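Take a look at the structure set out below.
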2 protein chains.
Amino acid sequence: MKYNPLYELAKAWTKEAGENLRKSVQETIEVEFKTSASDLVTKKDRETEQYYAEKIKQHYPEHFILGEEGTVQDQDYEFEKEKVWVIDPIDGTTNFVNQKMNFVISVAFYDEGEPVMGIIYDPIKDEMFHALKGKGAYMNGEKISRLREGSLKEALISFNSFWTIPNDKVDGKKLYPIIENARGIRYIGSAALEIAWISIGRIDAYIDFRLSPWDIGAGIVILKELGGEATTLTGEEIDMTNTSTTLFSRPGLATEIRKYFN
Amino acid sequence: MKYNPLYELAKAWTKEAGENLRKSVQETIEVEFKTSASDLVTKKDRETEQYYAEKIKQHYPEHFILGEEGTVQDQDYEFEKEKVWVIDPIDGTTNFVNQKMNFVISVAFYDEGEPVMGIIYDPIKDEMFHALKGKGAYMNGEKISRLREGSLKEALISFNSFWTIPNDKVDGKKLYPIIENARGIRYIGSAALEIAWISIGRIDAYIDFRLSPWDIGAGIVILKELGGEATTLTGEEIDMTNTSTTLFSRPGLATEIRKYFN
């Protein structure tokens with residue numbers, strides 16, 4: 001298949017980038033603040049994105065890069081018409097800094113807007129979740145079973161408690177019936193990792209109100225490959241050129257959750 | 001020191017009980033419901049508590065057991081006057097069932113009400129947190145440093161989102177300024193594990209409104225040994241014979257959090 005070489009390269013690069021991050025948690029991590037005291041970035045975010053940029057430029061000079069840290073700047077293209085790598089070099093930077101775990105690299109490849117390949121790698125647990133469209137989703141090379149239907153009363157739902165308090169994106173009260181009826185609420189603090197965990201059933205759904213394409217690019221490929229759902233909270237397709245509300249879920253459960261937001 | 005043999009036995013028992021749980025996550029886990037659809041118990045909770053009961057009866061027939069599953073029933077004693085083992089065989093039973101990870105065994109020993117020994121063991125990660133009063137706290141035998149002072153703006157705070165919605169224990173709005181001012185909110189879903197994580201800085205504080213002695217018996221010993229705080233949310237000593245509100249935290253940060261509840 002035509003994407004196989006790209007898929008193999010991306011896995012190898014991600015393994016190497018992840019090993020680098022795994023080593024770096026033993027060192028002192030220097031932190032900078034982006035928009036606020038809780039929006040962190042480190043030298044490692046930028047270095048890791050730069051690592052991918054160099055590899056991609058070398059192997060695929062005609063491809064574009066949509067990365068969280070914007071290390072590749074001089075780009076002018078239409079997402080729907082080009083071959084684009086969607087990269088979050090460290091998703092869960094706060095966990096990287098505070099916990100030295102529970103962060104991932106998220107790398108995806110979109111061809112003319114079509115989700116083709118997704119890799120989410122947790123270098124501390126050495127768990128790589130990866131999928132190529134039409135070829136199944138895997139964890140460390142082992143095939144993941146398709147997702148069973150789920151119901152709220154047996155489900156662990158993940159979201160940031162931030163959204164339950166007054167904010168400009170959502171009426172927090174809309175989350176109340178979910179909190180009341182779910183088996184439990186969890187929150188790890190890395191969107192890509194929460195989605196990866198849905199793929200193997202550690203949680204059942206993940207809700208957010210302001211995710212960026214690089215947070216979810218890989219997760220969309222992986223979940224769709226397993227029959228999972230990846231939509232906005234009102235059921236539309238996610239726009240990969242904007243921030244959006246998002247619901248990642250087992251089938252069945254997604255319908256149950258969306259009814260609280262429609 | 002007089003408690004050393006007991007400490008060594010308790011660690012060995014816990015390692016063995018943990019290995020048993022680690023194996024059992026590969027099997028089908030049969031679930032029963034206690035008070036509600038989200039209050040689970042499994043055969044493994046009961047078996048593990050029974051394992052400790054037998055060991056304790058054999059080595060320390062004069063000791064009492066305060067266990068979540070109440071497998072030892074025919075006891076009539078005053079906590080403040082006796083030697084008591086405080087045991088949660090699986091803290092985070094929902095995680096045990098749904099995630100097959102993020103659960104722990106929590107075992108503590110209290111002598112005439114005094115917290116003496118605490119062990120919290122995550123068998124999946126093979127991380128054992130353990131402390132004997134006055135002898136330091138350790139993770140897998142390696143000494144843990146005393147906790148530095150912390151501030152809310154650099155802290156990851158853990159609590160169940162359940163408490164932010166209308167409930168009979170707390171005005172959820174009291175959590176709003178904490179959500180707004182903390183670096184981030186997290187929730188793993190096992191009280192004892194959240195406390196263990198505070199001891200090594202993966203999170204900075206854990207708040208709850210209805211914990212039982214077996215959830216926190218071991219965590220109290222470990223955190224106090226590191227200069228951490230373990231009090232009710234209004235700063236009183238935790239009553240080990242009742243459920244209570246609880247705040248586990250680095251020093252400094254505890255004061256900052258309590259001001260929102262006073």
Side-chain angles (χ1 to χ4, degrees), chain A residues 25 31 33 36-40 92-102 124-125 127 150-167 172-190 193-194 197-198 200-204 207 250, chain B residues 25 31 33 36-40 92-103 124-125 127 150-167 172-190 194 197-198 200-204 207 250:
Chain A
V25 299
V31 179
F33 300 94
S36 74
S38 54
D39 187 11
L40 315 185
T93 301
T94 301
N95 288 346
F96 176 67
V97 172
N98 281 46
Q99 301 194 330
K100 299 176 190 303
M101 65 186 297
N102 291 332
I124 301 302
K125 289 205 183 66
E127 291 181 342
S151 67
L152 194 54
K153 74 177 199 307
E154 293 182 308
L156 295 183
I157 311 293
S158 175
F159 57 82
N160 191 337
S161 274
F162 178 79
W163 301 113
T164 62
I165 73 171
N167 69 81
K173 291 194 178 67
K174 290 198 172 183
L175 288 161
Y176 289 6
I178 293 169
I179 295 172
E180 279 166 343
N181 295 315
R183 180 170 283 177
I185 305 300
R186 300 288 182 269
Y187 187 59
I188 316 166
S190 156
L193 185 55
E194 332 265 346
W197 279 26
I198 294 172
I200 55 165
R202 284 184 194 154
I203 58 173
D204 300 283
I207 296 168
R250 292 184 181 281
Chain B
V25 298
V31 178
F33 300 94
S36 72
S38 54
D39 187 12
L40 315 185
T93 301
T94 301
N95 288 347
F96 176 68
V97 172
N98 281 46
Q99 302 195 330
K100 302 179 187 302
M101 65 185 298
N102 292 331
F103 59 89
I124 300 303
K125 289 205 183 64
E127 291 181 342
S151 68
L152 194 54
K153 75 176 197 307
E154 294 181 308
L156 294 183
I157 311 293
S158 175
F159 57 81
N160 191 337
S161 275
F162 177 79
W163 302 112
T164 62
I165 73 172
N167 68 81
K173 292 194 178 66
K174 291 198 171 182
L175 288 161
Y176 289 5
I178 292 168
I179 295 173
E180 279 166 344
N181 295 316
R183 178 168 285 177
I185 305 301
R186 300 288 181 269
Y187 188 58
I188 316 165
S190 156
E194 332 263 347
W197 279 25
I198 294 172
I200 55 165
R202 284 184 194 154
I203 58 172
D204 300 283
I207 296 168
R250 293 183 181 283

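We name chains A, B, ... by the order of the sequence lines, and we start the count at 1 in each one. Keep in mind that the numbers below use all heavy atoms, side chains included, and drop hydrogens, waters and symmetry copies. Note that the structure is a prediction, hence the values are computed from the model and not measured.
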- prompt: Any side-chain heavy atom of B/T94 sitting closer than 4.5 Å to one from A/R186?
  reply: yes
- prompt: Got a sec, which residues hit ring pair (Phe, Tyr, Trp, His ring centres under 6.0 Å) with A/Y187, two or more places apart in sequence or on another chain?
  reply: none
Report which part of [X] has an atom under 4.5 Å of a heavy atom belonging to chain A: side chain, backbone, both, or neither.
X: B/K125; value: side chain
X: B/I200; value: neither
X: B/L156; value: both
X: B/V31; value: neither
X: B/D204; value: side chain

Show me the side-chain donor-acceptor pairs of residues 174-183 of chain B shorter than 3.5 Å, one per line, residues at least two apart or across chains.
{"from": "B/N181", "atom 1": "ND2", "to": "B/P177", "atom 2": "O", "distance (Å)": "2.9"}
{"from": "B/R183", "atom 1": "NH1", "to": "A/N98", "atom 2": "OD1", "distance (Å)": "3.0"}

- prompt: Which atoms of A/I185 come close to chain B, meaning under 4.5 Å heavy atom to heavy atom: side chain ones, backbone ones, both, or neither?
  reply: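 Both the backbone and the side chain of A/I185 come within 4.5 Å of chain B.
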- prompt: Should A/E194 and A/R202 count as an ion pair when the cut-off is N to O under 4.0 Å?
  reply: no
- prompt: B/I203, B/I188, B/N160, B/V97: which one forms the most heavy-atom pairs within less than 4.5 Å of chain A?
  reply: B/I188
message: I need the A/W197 CH2 to B/Q99 CD distance, nearest 0.5 Å.
response: 5.5 Å
- line: Value for CG (B/N95) from CD1 (B/I124), rounded to nearest 0.5 Å, stands at 11.0 Å
